[in-house]
Amino acid sequence: MCGIWAVFGSDECVSSQCASAMKVAHRGPDAFRIENVNGFTNCCFGFHRLAIVDQLYGMQPLRIKKFPFLWFCYNGEIYNHRLLRDQFQFETQTEMDGEILLHLYDRFGIQKMASLLDGVFAFILLDTANRKVFLGRDTYGVRPLFKSVTDDGFLAVCSEAKGLTDLSHALDTPAKIVPFLPGHFEVFELKQNGKVQSVQMEQFHCCTKEPAHAIYDTVERLSTGFDMETVKTNIRTLFENAVRKRLMAQRRIGCLLSGGLDSSLVAATLVKLAKVEKLPYPLQTFSIGSEDSPDIIASRKVSFSLANVSPVSSDGNITVYLSPPEMKNSNFNPFRSHTLFILLPIG
Ligand SMILES: NC(=O)CC[C@H](N)C(=O)O
């Protein structure tokens, strides 16, 4: 995960709004930072980090020497960041996947920047030199983003709506909180008093169109045609590539198993690729359910067969049993000490 939060043009002293930033603390167990924007004292960023790459220099809001006027906060992974860096010969300061957005923005502007990204992301980019704020979200809306704008230009943004509900502003009418549209970016003009005005909302990609980054992708060429063998080969190529690109994580990766076809295939492909890519640890799987639930029984079987592929391919399965009251409690987090994805960093 990672939790992002920002306010622009706060009527209240920003320090009193910051308690709202802490409402998404569960999204980032590694570190948090709240940073006020110098020159715009009623603007502020909040960030909770689950570090995936560049643990040391990847803290946010990300700022680099080359672009001192840019402030960048995002939740997500940019799978093609190295490819784009090499393609356009950018000199990067960190190993952070998100740093690529700053270089792309500087070279090509926001529209091309967003459409060149292969990844899952929700971002807030502030350009104090050009007095602009940009918001954006990946095509499928994998990463969440909510915003709230008042009629007089107070903008608040957060990964979850709960980070926006208790913010105060000068108007009598409550500010509406809306999800940010997937596949879009929005441009706001930043006024000298820190308030904003939306000037552009645009779709940069929709899932029925070839993404702009495809011309740089390294995935092997897909054959054309609809005969069964071609279709199967193409699905296999795309599926393997989808798992491979997620191995960019520098954290230990694990798998959440439901025991069904999807998660079992991801886990099996991961075991295969882990050997090729020489991941220096065995795969840990997790499953969750009531005792004797079909999910748990099936997950155990999958984990057992993965362990049989090779002695180092699986660390076995961590199973969490839920009691009926726990299953009804939507706030219950059985993996408090781990953070989960279907491919998840656990180290
Ligand atoms: N969890 C995230 O959103 C991670 C952000 C970024 N990719 C990092 O490694 O820190």
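Computed from a predicted structure; not experimentally measured. For this chain, numbers begin at 1 and follow the sequence in order. Just follow the structure's listing: the first ligand is 1, and inside any ligand the first atom is 1.
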Colleague: In ligand 1, which numbered atoms sit nearer than 4.0 Å to a non-hydrogen atom of V53?
Modeller: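 Every atom of ligand 1 under 4.0 Å from some heavy atom of V53: 8 (C), 9 (O).
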
Colleague: For F90, enumerate each residue passing the ring-ring contact (aromatic ring centres under 6.0 Å, His included) test, keeping only those at least two apart in sequence or located in another chain.
Modeller: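 F90: ring-ring contact (aromatic ring centres under 6.0 Å, His included) contacts with F88, H103.
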
Colleague: Any idea which part of M1 is under 4.0 Å from ligand 1, heavy-atom wise: side chain, backbone, both or neither?
Modeller: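 The answer is the backbone.
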
Colleague: Can T150 and D152 be counted as having a side-chain donor-acceptor contact under 3.5 angstrom?
Modeller: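 Looking only at side-chain atoms, D152 and T150 do form a donor-acceptor pair, the distance falling under 3.5 Å.
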
Colleague: With heavy-atom distances below 4.0 Å as the criterion, list the atoms of ligand 1 near D97.
Modeller: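 Result: 6 (C), 7 (N).
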
Colleague: Ion pair present between R143 and D138, side-chain N to carboxylate O less than 4.0 angstrom?
Modeller: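 Looking at R143 and D138, the cut-off is not met.
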
Colleague: Between G76, A31, A51, which one has a non-hydrogen atom sitting closest to atom 7 (N) of ligand 1?
Modeller: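 Answer by nearest heavy atom: G76.
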
Colleague: Using 4.0 Å as the upper bound for N to carboxylate O, is an ion pair formed by K66 and D106?
Modeller: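 Salt bridge absent between D106 and K66.
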
Colleague: Which atoms of ligand 1 have any heavy atom of N75 under 4.0 Å away?
Modeller: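 Checking each atom against N75, I get 2 (C), 3 (O).
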
Colleague: Could you list which atoms of ligand 1 come closer than 4.0 Å to a heavy atom of C2?
Modeller: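 Those atoms are 1 (N), 2 (C), 3 (O), 4 (C), 5 (C).
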
Colleague: Could you tell me whether ligand 1 has any atom less than 4.0 Å away from a heavy atom of G98?
Modeller: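 Judged by the 4.0 Å heavy-atom criterion, G98 does not count as contacting ligand 1.
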
Colleague: Which donor-acceptor pairs under 3.5 Å do the side chains of residues 34-46 make with protein atoms, sequence neighbours left out?
Modeller:
residue	atom	partner	partner atom	Å
N36	ND2	T41	O	3.1
N36	ND2	C43	O	2.8
N42	ND2	N193	O	2.7

